[in-house]
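Here the structure is a predicted model, which is why all the values come from computation and not from measurement. The basis for the numbers below is simple: all heavy atoms, side chains too, and nothing from hydrogens, waters or symmetry mates.
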Amino acid sequence: MKILWQDRKRPIFGLPLSFTVYSLDEERLFIKTGILSIREDEVRLYRIMDITLKQSLGQRIFGVGTIHCCSADASMRDFDIMSVKNPREVKEMLSQKIEEQRMKKRVYNQEDFRSGDGFEDLMDEYDQE
């Protein structure tokens, strides 16, 4: 597959001084870490449920940010794409590709209304009427 985006973790002053590499293709996000012992994780885009952009003051100064992802993947529930350049553009690209894959695979995110906020009690009352 063709790589659409690739970057390194940039932990110090926005410089790519890390052995963590992020890659994105049409269907998957890859996170490769390590130098002597290498680990490569892969998440199918349709499994990502939610993404959030986080930028500290230091990250904003150096033009980097962290994208927090919540997924339904068994091995990578919640994970961060840490300190990448142009984080807003990356988040938007990722969001667009996630939606494309969800439509292509016909996967829909179902909201869980059993959150303990009383909604299920209201529904029980409605059902009894």
Side-chain angles (χ1 to χ4, degrees):
M1 280 256 162
K2 178 183 159 199
I3 300 296
L4 302 174
W5 170 79
Q6 186 170 346
D7 199 0
R8 288 186 175 273
K9 180 178 171 184
R10 299 168 180 268
I12 302 170
F13 305 122
L15 300 173
L17 303 173
S18 167
F19 297 104
T20 301
V21 178
Y22 306 105
S23 304
L24 176 70
D25 70 16
E26 287 289 336
E27 298 181 356
R28 299 168 295 182
L29 174 69
F30 301 95
I31 302 173
K32 183 178 173 182
T33 56
I35 183 169
L36 297 176
S37 176
I38 296 175
R39 174 181 174 155
E40 186 170 316
D41 290 308
E42 167 186 324
V43 177
R44 299 246 173 222
L45 294 179
Y46 71 87
R47 291 184 171 270
I48 298 175
M49 311 301 266
D50 189 40
I51 54 178
T52 305
L53 173 62
K54 298 187 284 186
Q55 279 186 298
S56 67
L57 177 60
Q59 286 179 319
R60 286 194 337 246
I61 289 170
F62 293 107
V64 298
T66 297
I67 301 167
H68 178 74
C69 300
C70 299
S71 81
D73 190 84
S75 64
M76 294 186 63
R77 282 294 220 206
D78 292 352
F79 62 92
D80 289 329
I81 303 170
M82 298 179 66
S83 299
V84 292
K85 274 220 166 280
N86 304 314
R88 186 162 280 109
E89 289 85 7
V90 173
K91 177 185 166 280
E92 289 304 315
M93 179 192 327
L94 187 58
S95 182
Q96 180 183 21
K97 293 299 173 188
I98 289 167
E99 287 304 314
E100 285 175 13
Q101 285 301 304
R102 287 176 163 273
M103 301 261 286
K104 182 179 176 183
K105 304 274 187 195
R106 294 188 175 125
V107 175
Y108 302 100
N109 185 13
Q110 294 183 355
E111 299 292 331
D112 184 7
F113 292 111
R114 296 170 291 156
S115 63
D117 61 0
F119 184 77
E120 64 276 359
D121 296 334
L122 182 63
M123 290 306 295
D124 288 341
E125 289 176 19
Y126 179 77
D127 290 339
Q128 291 173 0
E129 293 177 354

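For the residue pair Met49 and Ala72, the shortest heavy atom distance occurs at CG-N, 4.0 Å. Residues Arg8 and Val84 approach most closely at O-CG1, 4.3 Å, considering heavy atoms. Here the closest non-hydrogen pair linking Pro11 and Ser18 is CD-CB, 4.0 Å. Minimum heavy-atom separation, Glu40 to Phe30: OE2-CD2, 3.5 Å. When all heavy atoms are compared, the tightest approach of Asp25 to Lys2 is CB-O, 3.4 Å. Smallest separation of non-hydrogen atoms from Cys70 and His68: SG-NE2, 3.7 Å.
Distance check: Asp80 CG to Thr52 OG1 gives 9.5 Å after rounding to the nearest 0.5 Å. Interatomic distance, Arg77 CZ to Ser71 OG, rounded to the nearest 0.5 Å: 7.0 Å. Between atom CD1 of residue Ile48 and atom CD1 of residue Ile98 there is a gap of 4.0 Å, rounded to the nearest 0.5 Å. To the nearest 0.5 Å, atoms CD1 (Ile81) and CG (Asp7) are separated by 10.5 Å. A distance of 10.0 Å separates CE in Met76 from CD in Glu42, rounded to the nearest 0.5 Å. To the nearest 0.5 Å, atoms SG (Cys69) and CG (Asp78) are separated by 9.0 Å.
Residues satisfying the ring-ring contact (aromatic ring centres under 6.0 Å, His included) criterion with Phe62, sequence neighbours excluded, are Phe13. Every side chain to side chain contact (heavy atoms under 4.5 Å, CB included) that Thr33 has, sequence neighbours left out, goes to Thr20, Ile31, Arg39.
By the criterion of side-chain heavy atoms lying less than 4.5 angstrom apart, applied directly or through intervening Ile, Leu, Val, Met, Phe, Trp or Tyr residues, Leu15 is not grouped with Val64; the two fall into different hydrophobic clusters. Cluster membership for Leu24 and Leu53, using ILVMFWY side-chain heavy atoms within less than 4.5 angstrom, is shared. Hydrophobic cluster membership differs between Phe79 and Tyr46, with clusters built from Ile, Leu, Val, Met, Phe, Trp and Tyr side chains linked at under 4.5 angstrom. Transitive grouping of hydrophobic side chains (ILVMFWY, heavy atoms separated by less than 4.5 Å) keeps Val21 and Ile67 in distinct clusters.
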- Message: Assess the residue pair Leu4 and Glu26 against the criterion (side-chain contact (heavy atoms from CB on, under 4.5 Å)); give the C-alpha distance rounded to whole Å, side-chain angles, the decisive distance to 0.1 Å, and a yes or no.
- Response: CA-CA 7 Å; Leu4 302 174; Glu26 287 289 336; 3.6 Å; yes
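Looking at Glu27, its side chain never comes within 3.5 Å of a backbone N or O of Leu45 through a donor-acceptor pair. Looking only at distances, a side-chain donor or acceptor of Tyr22 sits under 3.5 Å from a matching main-chain atom of Met82.
Side-chain contact between Met1 and Arg28 is present, with heavy atoms from C-beta onward closer than 4.5 Å. Side-chain contact between Ile38 and Lys32: present, with at least one pair of heavy atoms (C-beta onward) separated by less than 4.5 Å.
Counting non-hydrogen atoms of other residues, nucleotides and ligands closer than 6.0 Å to CE of Met93 gives a total above 12.
Within the structure, side chain to side chain donor-acceptor pair (under 3.5 Å) pairs that include any residue of residues 83-96 comprise Gln59-Ser83 (at least two apart or interchain).
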